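The structure under discussion appears below in the form of structure tokens.
The chains referred to below are lettered A, B, ... by the order of the sequence lines, with proteins before strands, and numbering in each begins at 1. All values derive from a computational prediction rather than experimental measurement.
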Amino acid sequence: MPDFAARVLSIVRRIPVGRVATYGDVAAAAGSPRASRAVGNIMRNCASRDVPCHRVVAAAGRLGGYGGNLELKRALLRAEGLTVTRTVIREFRDRRWPSAAQGRPGRRIQPAARARAKTGKSRAT
DNA sequence: ATCATGACATGTT
DNA sequence: TAACATGCCATGA
């Protein structure tokens with residue numbers, strides 16, 4: 001269903017200059033907050049140059065990946081007025097996409113995912 | 001507290 | 001089916 005992809009592209013295109021969004025944010029805006037991987041995949045295609053895939057970064061302000069030209073991504077970000085360190089963006093949460101809820105009042109837990117995330121290993125006591 | 005690892009979730013290719 | 005430019009949580013060191 002290309003809808004998702006189209007939606008993602010549309011969203012990424014709406015990212016203003018000097019601002020960045022995470023795959024998760026884009027995915028969430030696209031309708032599936034868990035489809036961050038899908039977003040990355042779609043970006044990888046980068047069918048449209050109108051899509052500033054370089055403005056899409058990983059969580060925590062990390063750049064994430066960029067088809068072998070990761071430094072290019074950093075350069076682009078810096079060129080937009082962002083401050084990027086070796087691995088993360090400074091003031092990231094301050095430069096986050098306005099629509100992406102800057103305020104993160106604690107992380108919501110997902111009982112479902114968490115229940116399976118236990119790896120089934122021996123848990124303490 | 002931080003880094004790394006394991007596992008699952010979600011969608012496209 | 002498996003891989004991927006991820007994310008989140010919990011655990012282990």
Side-chain angles (χ1 to χ4, degrees):
Chain A
M1 211 191 259
D3 281 351
F4 188 79
R7 203 189 303 285
V8 169
L9 296 173
S10 181
I11 290 157
V12 176
R13 282 178 13 164
R14 292 195 292 208
I15 299 176
V17 180
R19 215 108 314 163
V20 288
T22 71
Y23 294 98
D25 285 346
V26 178
S32 296
R34 308 273 189 308
S36 37
R37 267 174 126 154
V39 175
N41 224 337
I42 292 159
M43 313 250 48
R44 182 158 63 128
N45 283 323
C46 223
S48 312
R49 302 204 314 254
D50 301 288
V51 183
C53 25
H54 66 266
R55 278 188 215 148
V56 185
V57 300
R62 290 192 307 219
L63 295 181
Y66 203 88
N69 282 74
L70 183 56
E71 56 181 287
L72 172 61
K73 189 171 182 175
R74 274 204 316 212
L76 291 166
L77 260 26
R78 287 178 65 115
E80 300 202 341
L82 286 161
T83 313
V84 185
T85 69
R86 184 159 114 154
T87 49
V88 311
I89 298 167
R90 288 207 198 203
E91 301 185 306
F92 166 68
R93 46 190 297 164
D94 193 55
R95 309 238 26 164
R96 220 223 282 182
W97 193 20
S99 259
Q102 304 172 7
R104 290 193 51 211
R107 348 211 155 187
R108 59 286 239 218
I109 54 175
Q110 318 268 70
R114 174 197 344 168
R116 300 168 202 201
K118 298 284 246 176
T119 79
K121 276 184 120 164
S122 62
R123 70 284 267 64
T125 188

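- When the C1' atom of dA5(C) is taken as reference, atom CG of Leu72(A) falls 13 Å away, rounded to whole Å.
- Atom pair Arg55(A):CZ and dA5(C):C1' shows a separation of 17 Å (rounding to whole Å applied).
- Looking at heavy atoms from C-beta onward, Val20(A) lies out of side-chain contact with Glu80(A) at the 4.5 angstrom threshold.
- Residue Asn41(A) is the one, among Asn41(A) and Arg62(A), whose nearest nucleotide of DNA chain C lies closer to the 5' end (criterion: closest heavy atom).
- Taking atom CG of Leu70(A) as the reference point, atom P of dC4(C) lies 17 Å away to the nearest angstrom.
- Listed candidates were dT10(B), dA5(C), dG7(C). Nearest to the side chain of Thr22(A) is dG7(C).
- Summarising the base pairing, dT12(B) is matched to dA3(C) through a Watson-Crick or G-U wobble pair whose two defining distances lie under 3.5 Å.
- To the nearest angstrom, C1' of dC4(C) lies 14 Å from CZ of Phe4(A).
- Pairing for dC3(B) is with dG12(C), a Watson-Crick or G-U wobble pair whose two hydrogen-bonding atom distances lie under 3.5 Å.
- Atoms CG (Asp25(A)) and P (dC8(C)) sit 9 Å apart, rounded to a whole Å.
- Following rounding to the nearest Å, Tyr66(A) (OH) and dT6(C) (P) show an atom-to-atom distance of 14 Å.
- Atom CD of Glu71(A) and atom P of dA5(C) are 17 Å apart (whole Å).
- Heavy-atom minimum distance, Ala30(A) versus Val8(A): CB-CG2, 3.7 Å.
- Residues Leu63(A) and Leu77(A) meet the side-chain proximity criterion, which asks for heavy atoms closer than 4.5 Å.
- The shortest side-chain heavy-atom distance between Arg55(A) and Val17(A) falls under the 4.5 Å cut-off.
- For the pair Lys73(A) NZ and dT6(C) C1', the computed distance is 11 Å after rounding to whole Å.
- If you chain together hydrophobic residues whose side chains sit under 4.5 Å apart, Val84(A) and Leu72(A) fall into the same group.
- Distance from the side chain of Ala59(A) is smallest for dC8(C) among the nucleotides dC8(C), dT12(B), dC4(C).
- Among the nucleotides dC8(C), dT10(B), dT6(C), the one closest to the side chain of Ser36(A) is dT6(C).
- Set against dA5(C), dG7(C), dT10(B), the side chain of Ala58(A) has dG7(C) as its closest nucleotide.
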